[in-house]
Engineer: 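Got a structure for you, questions after.
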Amino acid sequence: MKNKILVTGANGFLASNLIRLLGREKYKVRGMLRRGSDTSGLEGCCFEPFFGDVTKDADVLAAVKGCSIVIHAAAYTGQNGSFLEGYYPVNIRATDHI
């Protein structure tokens with residue numbers, strides 16, 4: 001039996017394609033995404049959705065439970081250079097925690 005893998009940022013371009021690939025390889029996948037996220041890129045994917053926030057420790061701890069591998073693909077990707085503080089919670093703090 002293959003390991004269960006948590007993929008953060010599940011509805012993003014990179015993560016959704018990764019989830020699709022892992023599913024084809026018969027991995028069990030849990031995808032972490034924010035409630036209300038656009039999940040149209042995940043249509044047809046076989047995965048367990050987990051709704052939570054990567055910046056909240058309790059959500060991350062709950063999401064990783066039962067997973068032996070974590071792929072952290074969640075990121076703020078806005079291109080507005082004047083909003084650098086917006087990158088910190090997801091791109092730095094969540095990455096440190098995970």
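Everything numeric in this text was worked out from a predicted model, so none of it was measured.
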Engineer: Quick one: list whatever passes side-chain hydrogen bond (donor to acceptor under 3.5 Å, both in side chains) with Arg20, sequence neighbours left out.
Structural biologist: none
Engineer: With rounding to the nearest 0.5 angstrom, report the CG to CZ distance, Asp53 to Arg35.
Structural biologist: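 It is 12.0 Å, given to the nearest 0.5 Å.
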Engineer: Give a yes or no on whether Phe50 and Ile71 share a hydrophobic cluster (residues Ile, Leu, Val, Met, Phe, Trp, Tyr; joining criterion: side-chain heavy atoms under 4.5 Å apart).
Structural biologist: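 No, separate clusters.
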Engineer: State, yes or no, whether a side-chain contact exists between Leu18 and Leu22 at a heavy-atom distance under 4.5 Å.
Structural biologist: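 Contact flag for Leu18/Leu22 side chains = yes.
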Engineer: Taking atom SG of Cys67 and atom CE of Met32, what is their separation to the nearest 0.5 Å?
Structural biologist: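 It is 10.5 Å, given to the nearest 0.5 Å.
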Engineer: Under 3.5 Å, side chain of Arg93 to main-chain N/O of Thr55, donor-acceptor pair present?
Structural biologist: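 It does hold such a pair.
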Engineer: Answer with yes or no whether the hydrophobic clustering places Val29 together with Val70; edges join I, L, V, M, F, W, Y residues whose side-chain heavy atoms lie under 4.5 Å apart.
Structural biologist: no
Engineer: Say whether, by atom type as modelled, one donor and one acceptor occur between the side chain of Asp59 and the main chain of Val54 under 3.5 angstrom.
Structural biologist: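 Flag not set: sc Asp59 to bb Val54 has no pair under 3.5 Å.
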Engineer: Could you state the interatomic distance from CG (Leu6) to CD (Glu48), rounded to the nearest 0.5 Å?
Structural biologist: 9.5 Å
Engineer: Spell out, as yes or no, whether a donor-acceptor pair under 3.5 Å connects the side chain of Thr8 to the backbone of Ala73.
Structural biologist: yes
Engineer: With distance as the sole test, does Arg30 use its side chain to make a donor-acceptor pair with the main-chain N or O of Lys65 at under 3.5 Å?
Structural biologist: yes
Engineer: Looking only at heavy atoms, which two atoms of Gly31 and Phe47 are closest? And how far apart?
Structural biologist: N-CD1, 3.7 Å
Engineer: Measure across Ile98 and His72 and return the closest heavy-atom pair with its distance rounded to 0.1 Å.
Structural biologist: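 In terms of heavy atoms, the two residues are closest at CD1-ND1, 3.3 Å.
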Engineer: Kindly say whether Leu33 contributes a backbone atom to a donor-acceptor pair with the side chain of Ser37 at under 3.5 angstrom?
Structural biologist: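 The answer is no, because no donor-acceptor pair under 3.5 Å joins these two groups.
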Engineer: Show the nearest heavy-atom pair for residues Asp38 and Asn11, with the distance to one decimal.
Structural biologist: O-CB, 3.3 Å
Engineer: What distance do Cys46 atom SG and Lys26 atom NZ have between them, rounded to the nearest 0.5 Å?
Structural biologist: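 NZ of Lys26 is found 8.5 Å from SG of Cys46.
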Engineer: Taking Leu42 as the starting point, is it possible to reach Phe13 by hopping between hydrophobic residues whose side chains are less than 4.5 Å apart?
Structural biologist: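 No; Leu42 is not reachable from Phe13 via cluster members.
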